[in-house]
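In the text below, chain A, chain B and the rest are named by the order of the sequence lines, each starting its count at 1.
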Number of protein chains: 2
Amino acid sequence: MKDKDGKPLSNTQRALRELRRMILSGELAAGTDHLESELAETLGMSRTPVREAALMLESRGLLEMRPRKGVRILPVSPEDMREIYDILTELESLAAQRAAEAGYGDADLAQLALSIAQMDQAVKDEDREAWADADDLFHQELVRLGGNKRIEAIVAVMSDQVRRARATTLFIRPLPVQSNEDHRAVYQAISSGRAEEAHERHRQHRLQAKGVLIGILEKHRLNSL
Amino acid sequence: MKDKDGKPLSNTQRALRELRRMILSGELAAGTDHLESELAETLGMSRTPVREAALMLESRGLLEMRPRKGVRILPVSPEDMREIYDILTELESLAAQRAAEAGYGDADLAQLALSIAQMDQAVKDEDREAWADADDLFHQELVRLGGNKRIEAIVAVMSDQVRRARATTLFIRPLPVQSNEDHRAVYQAISSGRAEEAHERHRQHRLQAKGVLIGILEKHRLNSL
DNA sequence: GCATTTGTTTGCGTATACATTAAAGAATGC
DNA sequence: GCATTCTTTAATGTATACGCAAACAAATGC
């Protein structure tokens, strides 16, 4: 098996990507248990790479390995979402501030601008999936511009868990019009080097998002997904 | 092999603890490479549990597995320390704020008070090791009181890396008298429910600590440890 | 009937064997 | 003498085998 660059891809890496994909897509449902040997057979490889991949996914908080009970796909509760959003709020706001301080030019911010444009288009089209993808890109790029690799890694892990909750809630909630305005404000602040404002605007953006998501989860009694 | 509770401890767990200990103590020096088979022999077990432990330590950022180059103990640079302290600053300050909002009583804050007392004693005795241990405890307990499990986990990971830098710098720097005053102020703020102040005091404390550490590292040209 | 014990099964933890492949060294040609 | 290719080697990636311990079932004693 080779990847796009022609480099061979180890089975462990394949297992990692496949399992992650299966969890995020819901193919492996939250709360379900799966034997290592089952997963190995599904993926067409032996238990060893599956175990190694599972170990990594365990430290990303997507699953849990319980002796004799199989690999458990961890559900996400509203309380988990509070924790996650609190972390995202703090770390992304800092990233926004740092990005503004870095004095990036328009070229550096092109990707950010692009994802904002994509979100605008998606809202027009009422295409929630496209909006979610562009939103992911915006946050990922924002954090990248913040220049802290560890924050990037942490946010990536937390975002994986948010993605699962969002897969369920995406079609329940109203079109994220407010969100798009927030993004533009953050972009403007970064672009013109207003660090404090970038921080605060993004902070408010995330607090707002947290409130909306938690509200939906509690209203619909989605205690575990 | 059994642990304190009499429960058998898996070799993977033993490898995890041992390797972590060896890295933090410097027994496995930063920047050095080690074959899986060497480590396995050292620990008296086969490669399998060593690999599994290494995988976990890799996601904690303590080492890196590079095909054919062996397991590399990751060095920590001043830039790494900036990243780590930025994260600790944000997440611990939030924890302090939340702890203050939670309205804990004196009994709940006993451990926090104890570690402060231990730090005072350690400063009197000029026992830097004891101070460092108590300081770890203070921060760990503070974060626990914050009530966000994920922040606890992230801070634990980051703290492991700080510990390595501190092992080197602990005896270079002046006695942390200012630090102890900060801790007391944070404690007071939490104890009396002044959330905003707890946040801000802890924030300043961490920013200060960051400055001191980075200053030492750069002054002594400690670019990698 | 119920509880306790014994047997059986099943899945994991670990060792080990093997295939794979990148890196280092040797040999060859220019 | 240098570069290139071939060979070798060594370390990893993966499969597989097996013992053990936990969960479940059955059987036995009360």
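Between the CG atom of N11(A) and the P atom of dT20(C) there is a distance of 12 Å, given to the nearest Å. Taking atom CG of L35(B) as the reference point, atom C1' of dA22(C) lies 14 Å away to the nearest angstrom. At whole-Å resolution of the value, CE in M45(A) and C1' in dA19(C) are 16 Å apart. For the pair E64(B) CD and dT12(D) P, the interatomic distance rounds to 13 Å; values are reported in whole Å. One atom, CD of E36(B), and another, C1' of dT20(C), lie 14 Å apart when rounded to the nearest Å. Atom CD of E52(A) and atom C1' of dG13(C) are 14 Å apart (whole Å). With rounding to whole Å, R66(B) atom CZ is found 13 Å from dA23(C) atom C1'. Taking atom CG of residue L9(A) and atom C1' of nucleotide dT14(D), one finds them 14 Å apart after rounding to whole Å.
Side-chain contact between L94(A) and I151(A) is present, with heavy atoms from C-beta onward closer than 4.5 Å. Residues H34(A) and L19(A) have side chains not in contact (no heavy-atom distance under 4.5 Å, counting atoms from C-beta outward). Counting heavy atoms from C-beta outward, H205(A) and E92(A) have side chains that stay 4.5 Å or more apart.
Of the candidates R21(B), E27(B), R20(B), M22(B), L24(B) forms a side-chain contact (heavy atoms from CB on, under 4.5 Å) with just one, namely R20(B).
A salt bridge is absent between E90(A) and R203(B): the closest approach of a Lys/Arg side-chain nitrogen to an acidic carboxylate oxygen does not fall below 4.0 angstrom. One finds no salt bridge joining R150(A) and D86(B) here, because no Lys/Arg side-chain nitrogen approaches an Asp/Glu carboxylate oxygen to under 4.0 Å. A salt bridge does not link E83(B) to K149(A): none of the charged side-chain nitrogens sits closer than 4.0 Å to a carboxylate oxygen. Ionic pairing of D80(B) and R164(B) is not present here: no N-O contact between side-chain nitrogen and carboxylate oxygen is shorter than 4.0 angstrom.
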Close N/O contacts between protein and nucleotides 16-18 of chain C (under 3.5 Å):
residue	atom	partner	partner atom	Å
dT16(C)	O4	T48(B)	OG1	3.4

Between N or O atoms, less than 3.5 Å apart, protein on one side and nucleotides 21-26 of chain D on the other: list the pairs.
residue	atom	partner	partner atom	Å
dA22(D)	O4'	R68(A)	NE	3.3

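Within the helix from dG1(C)-dC30(D) to dC30(C)-dG1(D), the inter-axis angle between the opening and closing five-pair segments is 10°, rounded to 10°.
Under the 3.5 Å distance criterion, the side-chain polar atoms of E58(A) are matched with a main-chain donor or acceptor of M65(A). In this structure, D160(B) contributes its side chain and V157(B) its backbone to no donor-acceptor pair below 3.5 Å.
In summary, the side chains of Q140(A) and D136(A) do not present any donor paired with an acceptor at a separation below 3.5 Å, with no hydrogens or angles considered.
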